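What follows is one structure encoded as structure tokens, with my remarks underneath.
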Amino acid sequence: MTKENQPFLHPDRNLAMELVRATEAAAIRAYPFIGHGDKNAADGAAVDAMRAFLGTVNFEGLVVIGEGEKDDAPMLFNGEVVGTGIGPKVDIAVDPIDGTSLTAAGRQNAISVIAVADRGSMLDASAVFKMDKLVTGSMGVGVCDIRQSIGENIREFAKASQKPVGEVVVAILDREYNYELIEQVRSAGAATRLLRDGDVAAGIQAARNNARIDISAGIGGSPEGIVTACGIKALGGLIQGVLAPKEDFEFERGKEAGLKFDYVYEMNEMVASDNTFFVATGVTDGALMSGVRKRGDLIFTESIVIRGLSGTFRTVHAEYQASRWI
């Protein structure tokens, strides 16, 4: 069957296992740079590896969220088409390393991540760099809302989950623009988990009922919000976002792109399709996954694979022989 006459296909369950090879490759290539202080070298190695493996996957992936515009990102740029061109047509969001600074410093919670959804279903929010987000697991659905104060959301979540307010943990990026929110969380009696980077991993943790994080909140990356939404679809949680531009040019670019300001984007607006995939591999150790390990000639990785339609969450452990790694 040629590419021209093939019927439109939806992503199937096998696609995720192909995509996880790409995140594994990116994480492994980043491994030599962990703790060596060069985040650009780590990111470059991960980008090259991810793109090479994506080129072998039977799909036609349009990069909606990538490494940036074409002139600044020669590979995996916004608008690039990846894959063999045979198979389902999809939107794809990639972050070869979510946490390049974490990787360079040897800190925890750096991951390599890919999110996929049916073509035309993923919001392209890349024109505006920042988004104010609220993420919870199923306990927060119907009781938490970003329009409420964080204190009210904490109290409602505590009531729904039947736990004391003092045991509720809220993950927030440790940035000056989130300092007021951090104080509000503590004033409400809840605990904070302050993050240097890595709000994708925090959002996925918040949506899992057995995680140490109950809520992920505050301003972080807008592309990361869309990536996270693909995972939340499967986990049955809540994610909402409000664009938070910091510069005037972002308003203009956002308007040109048809984005809405002072508006709450719900999960189904971030990703309209229920047929989503979220795959991630640990680069450095973290609460969500272990990072890449090398023991003699063996390389070990840990990944997660989340599928929206079936609501499945899989953990994938892989073992590579370094001498055969190409």
Side-chain angles (χ1 to χ4, degrees), residues 39 65 67-68 93 95 97-102 107 109-111 113 115 122-137 140 144-154 157 168-188 190-207 213-232 237-255 257 259-267 269-271 286 288:
K39 69 176 185 178
I65 297 171
E67 288 290 282
D95 199 342
I97 305 180
D98 180 32
T100 53
S101 296
L102 299 176
R107 295 192 176 105
N109 294 318
I111 65 174
V113 62
M122 194 179 292
L123 177 68
D124 180 1
S126 58
V128 179
F129 301 133
K130 300 296 182 184
M131 176 183 281
D132 190 9
K133 290 168 281 190
L134 178 70
V135 186
T136 75
C144 293
D145 194 299
I146 199 169
R147 300 171 186 84
Q148 300 173 164
S149 69
I150 190 63
E152 188 173 355
N153 280 319
I154 289 168
F157 182 89
V168 175
V169 178
V170 183
I172 307 171
L173 283 177
D174 191 4
R175 301 286 191 275
E176 184 175 354
Y177 45 71
N178 283 327
Y179 285 174
E180 183 178 350
L181 177 66
I182 291 168
E183 289 306 313
Q184 290 173 353
V185 169
R186 291 171 176 168
S187 295
T192 56
R193 178 71 55 83
L194 300 186
L195 311 171
R196 292 180 181 271
D197 285 295
D199 55 339
V200 172
I204 297 300
Q205 287 181 73
I213 293 172
D214 298 299
I215 299 170
S216 180
I219 296 174
S222 56
E224 287 82 353
I226 308 307
V227 171
T228 304
C230 287
I232 304 303
L238 165 77
I239 181 169
Q240 298 172 308
V242 177
L243 294 172
K246 298 297 181 183
E247 303 290 344
D248 289 341
F249 76 88
E250 289 186 87
F251 278 106
E252 298 306 317
R253 291 203 322 175
K255 289 177 182 177
L259 296 174
K260 303 174 184 178
F261 299 96
D262 297 320
Y263 177 83
V264 177
Y265 281 96
E266 304 289 349
M267 179 169 61
E269 294 174 290
M270 295 183 187
V271 184
L288 189 60

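Nothing here was measured: the structure is a model prediction, and the numbers come from that model. Heads up: numbering here begins at 1 and tracks the sequence.
At least one donor-acceptor pair under 3.5 Å links the side chain of Tyr265 to the backbone N or O of Lys260.
Within a 6.0 Å sphere centred on CD of Glu180, other residues, nucleotides and ligands contribute 12 heavy atoms or fewer.
Remark: Arg196 pairs with no residue by the salt bridge (Lys or Arg N to Asp or Glu O under 4.0 Å) rule, at least two apart or across chains. In this structure Asp197 satisfies the salt bridge (Lys or Arg N to Asp or Glu O under 4.0 Å) test together with Arg175, sequence neighbours excluded.
Taken from CG in Asn178 to CD in Gln184, the straight-line distance is 10.5 Å, to the nearest 0.5 Å. Here Met131 contributes atom CE and Leu259 contributes atom CG; the two are 8.0 Å apart, rounded to the nearest 0.5 Å. Atoms CZ and CD, on Phe157 and Glu152 in that order, are 15.0 Å from each other to the nearest 0.5 Å. Once rounded to the nearest 0.5 Å, the distance linking CG of Asp98 with CD1 of Ile111 reads 5.0 Å. A distance of 4.5 Å separates CG of Leu173 from CG of Asp199, quoted to the nearest 0.5 Å. Separation of atoms CZ (Arg186) and CD1 (Ile150) is listed at 13.0 Å; rounding is to 0.5 Å.
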Under 3.5 Å, which donor-acceptor pairs link side chains of residues 213-222 to any protein atom two or more places apart or in another chain?
{"unit_1": "Asp214", "atom_1": "OD1", "unit_2": "Lys163", "atom_2": "NZ", "d": "3.0"}
{"unit_1": "Asp214", "atom_1": "OD2", "unit_2": "Lys163", "atom_2": "NZ", "d": "3.3"}
{"unit_1": "Asp214", "atom_1": "OD2", "unit_2": "Val169", "atom_2": "N", "d": "2.8"}
{"unit_1": "Ser222", "atom_1": "OG", "unit_2": "Ala125", "atom_2": "O", "d": "3.2"}
{"unit_1": "Ser222", "atom_1": "OG", "unit_2": "Val128", "atom_2": "O", "d": "2.2"}
{"unit_1": "Ser222", "atom_1": "OG", "unit_2": "Phe129", "atom_2": "O", "d": "3.3"}

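At least one side-chain heavy atom of Cys230 sits under 4.5 Å from a side-chain heavy atom of Met122. The shortest side-chain heavy-atom distance between Tyr179 and Asp174 falls under the 4.5 Å cut-off. Counting only heavy atoms from C-beta outward, the side chains of Asp145 and Gln240 approach each other to under 4.5 Å. With contacts defined as side-chain heavy-atom distances shorter than 4.5 Å, the pair Val227/Asp95 does not qualify.
In this structure, Phe261 and Gly254 approach most closely via the heavy-atom pair CZ-CA, 3.9 Å. Counting all heavy atoms, side chain and backbone alike, Met267 lies closest to Gly237 at CE-O, 3.9 Å. Residues Ala202 and Leu195 share a closest heavy-atom pair of CB-CD1, 3.5 Å. Heavy atoms only, all atoms of each residue included: Arg253 and Ala127 are closest at NH2-O, 3.1 Å. Looking at every heavy atom in both residues, Cys144 comes nearest to Asn153 through CA-OD1, 3.2 Å. Across Leu123 and Ile65, no two heavy atoms sit closer than the pair O-CD1, 4.2 Å.
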Assess whether side-chain contact (heavy atoms from CB on, under 4.5 Å) is satisfied between Leu134 and Leu238, documenting all intermediate values.
CA-CA 8 Å; Leu134 178 70; Leu238 165 77; 4.2 Å; yes
